[in-house]
Each structure stands twice: as C-alpha cells, then as structure tokens.
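Structure record follows, encoded as structure tokens.
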Amino acid sequence: GAPERMAWQLHRNGPCHTGELSSAIACGNLSDAANRANRHLVPLGLKIVCRLPKQRIRNRFNEPSNSHLWKLVVLR
C-alpha cells in the first residue's frame with residue numbers, strides 16, 4: 001500500500017516535495033501514510049519526516065508554497 005510505496009520511494013530517490021511524492025506513490029494523504037509506515041520503520045531505526053524546506057518553493061502564482069520536504073532518516 002501507500003506506506004510501503006512511500007518508504008521505498010524515499011529510500012530509492014531521496015527527499016521529495018509533497019506534490020512530487022504524492023504523485024509518485026498515488027497517495028492523497030501523505031501524513032497518514034507516513035504515520036503508518038513509521039510504525040514499522042521506527043523499531044528498525046528509521047523514520048519518515050517532513051519539514052518546510054529552508055528555501056521554500058513558489059507556486060504557479062509565484063507565492064511561497066506550503067509544500068513540505070519529505071525524507072527517510074536514520075534515528076540515532
């Protein structure tokens with residue numbers, strides 16, 4: 001399902017913006033997919049996280065977007 005596709009996409013391709021990731025894994029609710037994936041990943045020392053990027057992207061109207069950057073990280 002979406003949680004598995006999300007983890008695989010981030011592992012294979014690295015950080016992705018919300019729109020790119022949503023399209024790549026055919027999922028409209030990335031937060032839910034990440035929460036479900038993290039139930040399995042955290043015990044393995046991994047976690048899917050999202051943050052606003054330092055350099056925010058602009059939408060087609062040249063306004064700052066709320067698109068987040070999603071990535072798979074190793075927990076310490």
Between [X] and [Y], what is the shortest heavy-atom contact and its length?
X     : Y     : result
Leu30 : Thr18 : CD1-O, 3.6 Å
Cys16 : Gln9  : SG-NE2, 4.3 Å
Ala33 : Pro3  : O-CB, 3.6 Å

### Query
Rounded to the nearest 0.5 Å, how far does CD of Glu63 lie from CD1 of Ile57?
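Spacing of CD1 (Ile57) from CD (Glu63) equals 12.5 Å.
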
### From Trp8 atom CH2 to Leu72 atom CG, the distance as rounded to the nearest 0.5 Å
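Answer for the CH2-CG pair, Trp8 versus Leu72, is 11.5 Å.
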
Going by heavy atoms in the side chains, are [X] and [Y] under 4.5 Å from each other?
X     : Y     : result
Ser22 : Trp70 : no
Arg56 : Ser65 : no
Pro53 : His17 : yes
Ile48 : Val73 : no

### Task
Starting from the C-alpha separation in whole Å, work towards a yes-or-no answer on side chain to side chain contact (heavy atoms under 4.5 Å, CB included) for Lys47 and Leu41.
CA-CA 6 Å; Lys47 188 174 185 179; Leu41 293 171; 5.7 Å; no

Cluster check [X], [Y]: I/L/V/M/F/W/Y, side chain < 4.5 angstrom:
X     : Y     : value
Val74 : Leu44 : no
Val49 : Leu10 : no
Leu69 : Met6  : no

### Task
Say whether, by atom type as modelled, one donor and one acceptor occur between the side chain of Asn38 and the main chain of Val42 under 3.5 angstrom.
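Side chain of Asn38 to backbone of Val42: no pair is present.
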
